[in-house]
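First comes the structure, then the notes that go with it.
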Amino acid sequence: MKIKFWGVRGSIPCPGPHTVKYGGNTACIEVRLENPDRLIILDAGSGIRELGNHLLARGACRDGLKADLFLTHTHWDHINGFPFFTPLYIPGTHVTVHGPIAMENDSLEKIVGGQLTYYYFPVQETDLAAKIEYRELKEGHYDLGDGLTLEVQYLNHPLLCLGYRFTYQDKILCTGYDTEPFRNIFHTDPADPGYDPDMAREGELAARQENERIQNFFKGADLLIHDAQYTLDEYEPAKIGWGHTALETAIETGLKSQVKRLALFHHEPVRTDQALDDLERTLFPSPPLPDMELFFAREGMEIHL
Ligand SMILES: [Zn+2]
Ligand SMILES: [Zn+2]
């Protein structure tokens with residue numbers, strides 16, 4: 001598997017002179033299988049626009065482009081590049097969009113393709129030259145053909161969000177964004193009028209089990225791409241419940257899951273290149289961890305598994 005980052009930011013694109021090194025585009029990752037040649041795209045944030053231009057430039061659309069687009073969820077930073085993916089305007093393109101069912105009555109097609117209505121965009125989805133199919137995913141195991149398999153696990157986010165575990169030729173790629181650790185939802189302070197010791201214990205146990213389930217899902221990955229939008233200082237208490245992880249916690253998760261490489265991802269848009277470099281110096285373990293390579297994902301970065 002060859003992985004390339006085309007967008008690494010969370011929330012909103014933030015291009016400019018202060019985000020040149022790590023990039024300002026929102027989530028988009030290209031995954032390539034070499035034999036047979038197969039294109040998989042994870043999320044359609046603004047980074048997918050550059051990926052589309054790159055594919056055009058290398059003539060990938062000449063004989064009809066086929067791609068599987070896996071959406072982790074449909075928050076805007078993960079789909080806002082979709083209407084700007086130029087291959088969609090070229091006859092012969094065939095894109096299969098895989099993703100979660102967010103709400104009972106709203107299909108994936110309605111949410112993603114709904115960006116291509118006159119309220120938001122000058123072109124309607126029905127006017128696109130490409131063939132677009134939608135496949136809704138649930139927790140479980142999927143055989144994607146060519147020796148590629150996928151396991152799907154629900155993460156912890158305000159909207160249903162899918163964690164992915166791809167396996168190909170004994171190599172494992174996992175995604176763990178957007179998510180935050182499960183917490184005890186019951187009162188834990190005995191001084192609190194609503195405190196119930198049994199409920200508090202139950203809540204503690206349930207949160208621990210859910211977190212262990214996610215750690216097991218990432219177990220032994222060759223590469224885990226994980227949410228690290230905040231630092232612990234930023235996360236507690238102001239941003240609990242917003243669906244993102246502190247980078248210190250992401251590192252702990254990577255260690256517990258014994259992953260070989262951990263790419264910290266979904267960077268907070270206010271984080272400048274300088275700020276990310278500073279966090280690397282102050283919050284990354286020193287000396288570097290012997291068994292887990294750790295880095296901030298950067299636009300243009302390529303990893304070969
Ligand atoms: Zn996001
Ligand atoms: Zn989100």
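Whatever order the structure lists them in is the order used to number ligands and atoms, beginning at 1. Bear in mind the structure is a predicted one, so any value in this text is a computation, not a measurement.
Using a 4.0 Å cut-off between charged nitrogen and carboxylate oxygen, Arg38 and Asp68 count as a salt-bridge pair.
Ring-plane geometry between Trp242 and Tyr230 is classed as perpendicular, the angle between the planes exceeding 60 degrees on a 0 to 90 degree scale with a lower cut at 30.
The N, O or S atom of His266 with the smallest distance to the Zn ion (ligand 1) is NE2.
The hydrophobic cluster containing Leu71 does not contain Ile29, counting ILVMFWY residues as joined when their side-chain heavy atoms lie under 4.5 angstrom apart, directly or transitively.
The Zn ion (ligand 2) has His73 NE2, His75 ND1, His157 NE2, Asp178 OD2 as protein N, O or S atoms under 2.8 Å away.
Residue Ser11 forms a side chain to side chain donor-acceptor pair (under 3.5 Å) with just one option from Gln229, Glu268, His244, and that option is Gln229.
Not counting sequence neighbours, Asp291 has no partner by the side-chain hydrogen bond (donor to acceptor under 3.5 Å, both in side chains) test.
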Item to check | ring-ring contact (aromatic ring centres under 6.0 Å, His included) between Tyr164 and Phe166, worked out | outcome: CA-CA 6 Å; Tyr164 289 131; Phe166 293 93; 5.7 Å; yes
